[in-house]
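One structure coming up, written as structure tokens, with questions to follow.
In what follows, chains carry the letters A, B, and so on, assigned in the order in which the sequence lines appear, proteins first and then strands, with residues in each chain numbered from 1. Just so we're clear, the structure is a prediction, and the values are computed from it rather than from any experiment.
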Amino acid sequence: MRIATWNVNSIRARSGRVVDWLVREDVDVLAMQEIKCKPEQFPIEAFEAAGYELAIHGLNQWNGVAIASRVGLDDVETEFPGMPGFQKGHEGPDLPREARAIAATVDGVRAWSLYVPNGRSLADPHYVYKLDWLAALTEHTRAETAAHPERPFTLMGDFNIAPFDEDNGDPAVIEGATTHVSPAERTAFAELTGAGVTDVVRPLVPEGYTYWDYKQLKFPRNEGLRIDFVLGSDAFADVVTSASIHRNERKGDAPSDHVPVLVELDLDSGGDDDVPMIFG
DNA sequence: ATGACGTTCAAAGAACGA
């Protein structure tokens with residue numbers, strides 16, 4: 001199975017590009033972020049014509065996540081336990097949840113498409129929200145991977161954190177002093193990746209960014225950030241056979257500011273390549 | 001340079017993004 005994640009920055013502005021890429025790369029499952037529309041506004045026909053069904057979670061023009069699949073789409077959820085909400089100018093435990101998470105089971109794999117809050121600035125309430133959101137995600141990940149160790153589990157999406165110094169090639173993003181690279185965000189990411197999932201792309205693709213700002217020739221200068229990840233449980237990581245960051249999708253007409261990240265799985269291997277199969 | 005780019009909507013600037 002070929003499974004990918006892509007912050008599309010408005011699916012209505014980019015459905016042609018996205019579906020063309022899915023077909024060209026023979027992708028089975030795509031986790032999308034920042035669709036920026038409600039389900040009734042989503043260009044479903046373009047995906048269905050290419051053989052994909054959809055699970056969509058969008059409330060308004062902000063955020064929005066979806067999963068496209070041609071290998072089934074079951075048990076859809078649009079929030080994880082403890083997922084905090086946010087409302088500008090308001091505080092408290094019961095604020096409305098934003099459209100930042102959707103999960104589905106695809107060919108036996110439990111997959112989340114996630115758009116982690118941006119944080120805005122280190123002094124902004126949105127930054128606290130970001131850290132709280134990640135902490136709740138960490139607890140859910142710990143519980144899910146412990147409860148179902150044999151089921152491949154993945155968190156895919158735009159995490160809005162550059163976990164290591166080499167993930168930041170943008171001089172405007174200052175280590176420790178702006179969002180995406182602050183110690184607290186990096187600690188939150190480290191705790192997530194210590195809670196039963198690991199980055200399955202980095203060992204296979206050690207270098208490269210996944211996002212470049214539209215402004216200031218950031219892409220031609222290659223001043224980007226690596227902030228889009230595929231994290232997988234042991235049962236997921238054990239069946240990964242290849243991974244790639246599709247930098248060329250930042251080129252050409254009307255690109256998203258993010259590029260897709262693709263992983264190939266061999267779900268038939270069972271992840272026990274070193275254990276001989278015994279027949280009869 | 002409090003910008004530069006791109007997307008959205010209450011449709012002109014504001015909000016948001018990272």
Legend entry - The single option from A:D228, A:T5, A:D158, A:N7 passing side-chain hydrogen bond (donor to acceptor under 3.5 Å, both in side chains) against A:Q33: A:T5
Legend entry - Rounded P spacing from B:dA10 to B:dA15 in Å: 15 Å
Legend entry - B:dA18 versus B:dG13 - spacing of their P atoms, nearest Å: 26 Å
Legend entry - Which atom of A:R70 lies closest to which atom of A:G51, heavy atoms considered: CB-O, 3.3 Å
Inset, instruction - Determine, stepwise, if the pair A:N9 / A:K36 fulfils side-chain hydrogen bond (donor to acceptor under 3.5 Å, both in side chains). - result: CA-CA 7 Å; A:N9 186 19; A:K36 291 188 169 177; 2.8 Å; yes
Legend entry - Separation between the P atoms of B:dA1 and B:dG6, rounded to whole Å: 23 Å
Inset, instruction - Measure from NE2 on A:H180 to P on B:dG17 and round the result to the nearest Å. - result: 9 Å
Legend entry - Residues that A:D199 engages under salt bridge (charged side-chain N to carboxylate O under 4.0 Å, His left out), provided they are two or more places apart: A:R202
Legend entry - Pairing residues for A:F47 by the ring-ring contact (aromatic ring centres under 6.0 Å, His included) criterion, not counting sequence neighbours: A:F42
Legend entry - Nearest non-hydrogen partners of A:E98 and A:H57, listed with the distance: O-NE2, 4.3 Å
Inset, instruction - Would you mind classifying the nucleic acid contact of A:S10 as base, sugar-phosphate or nothing, using non-hydrogen atoms under 4.0 angstrom? - result: sugar-phosphate
Protein-nucleotides 12-16 of chain B N/O pairs under 3.5 Å:
{"residue": "B:dC16", "atom": "OP2", "partner": "A:K88", "partner atom": "NZ", "Å": "2.9"}

Inset, instruction - Apply the side-chain hydrogen bond (donor to acceptor under 3.5 Å, both in side chains) test between A:K218 and each candidate in A:D257, A:D170, A:D213; give the one that qualifies. - result: A:D170
Legend entry - Option from A:N118, A:N160, A:D124 for which side-chain contact (heavy atoms from CB on, under 4.5 Å) with A:K130 holds: A:N160
Inset, instruction - Enumerate the residue pairs fulfilling ring pair (Phe, Tyr, Trp, His ring centres under 6.0 Å) with a member in residues 242-269 of chain A, sequence neighbours excluded, ordered by first and then second residue. - result: A:W21-A:H246, A:Y211-A:H258
Inset, instruction - Return the value, rounded to whole Å, for the distance between atom CG of A:N7 and atom C1' of B:dG6. - result: 12 Å
Distance-only donor-acceptor hits, side chain of residues 71-81 of chain A, under 3.5 Å, sequence neighbours excluded:
{"residue": "A:E77", "atom": "OE1", "partner": "A:R110", "partner atom": "NH2", "Å": "2.7"}

Inset, instruction - Report the nucleotide, chosen from B:dA18, B:dC5, B:dC9, that has the shortest atom-to-atom distance to any side-chain atom of A:Y214. - result: B:dC5
Legend entry - Which nucleotide in B:dG17, B:dC9, B:dT7 has an atom nearest any side-chain atom of A:A13: B:dT7
Inset, instruction - Return no unless some side-chain N or O of A:N9 is found under 4.0 Å from OP1 or OP2 of B:dC5. - result: no
Inset, instruction - Send over the distance from A:L59 CG to B:dT8 C1', rounded to a whole Å. - result: 15 Å
Inset, instruction - Using atom CZ of A:F219 as one end and atom P of B:dC5 as the other, report the distance to the nearest whole Å. - result: 17 Å
Legend entry - Result of checking A:E191, A:E175, A:H180 against A:R186 for side-chain contact (heavy atoms from CB on, under 4.5 Å): A:E175
Inset, instruction - Answer yes or no: does a side-chain N or O of A:R14 lie under 4.0 Å from OP1 or OP2 of B:dG6? - result: no
Inset, instruction - Look at all strands and tell whether A:D228 reaches a base, only sugar-phosphate, or nothing, counting heavy atoms closer than 4.0 Å. - result: nothing
Inset, instruction - Round to a whole Å and report the spacing from CD1 of A:I35 to P of B:dC9. - result: 12 Å
Legend entry - Minimum-distance nucleotide to A:R12 side chain [options: B:dC5, B:dC9, B:dA18]: B:dC9
Legend entry - Spacing of the P atoms in B:dA14 and B:dA4 (rounded, Å): 12 Å
Inset, instruction - In whole angstrom, give the distance that lies between atom CG of A:L225 and atom P of B:dA18. - result: 10 Å
Inset, instruction - Using a 4.0 Å heavy-atom cut-off across all strands, classify A:Q41 as base, sugar-phosphate, or nothing. - result: sugar-phosphate
Strictly under 3.5 Å: I want the nitrogen or oxygen pairs between protein and nucleotides 2-4 of chain B, one per line.
{"residue": "B:dA4", "atom": "N6", "partner": "A:Q216", "partner atom": "NE2", "Å": "3.3"}

Inset, instruction - May I have the distance from A:I174 (atom CD1) to B:dA18 (atom C1'), rounded to whole angstrom? - result: 13 Å
Inset, instruction - Figure out the NZ/P separation between A:K38 and B:dT7, and round it to whole Å. - result: 20 Å
Legend entry - N or O in side chain of A:N160 less than 4.0 angstrom from B:dA18 OP1/OP2: yes
Inset, instruction - Indicate, with a heavy-atom threshold strictly under 4.0 Å, whether A:D158 touches base, sugar-phosphate, or nothing. - result: sugar-phosphate
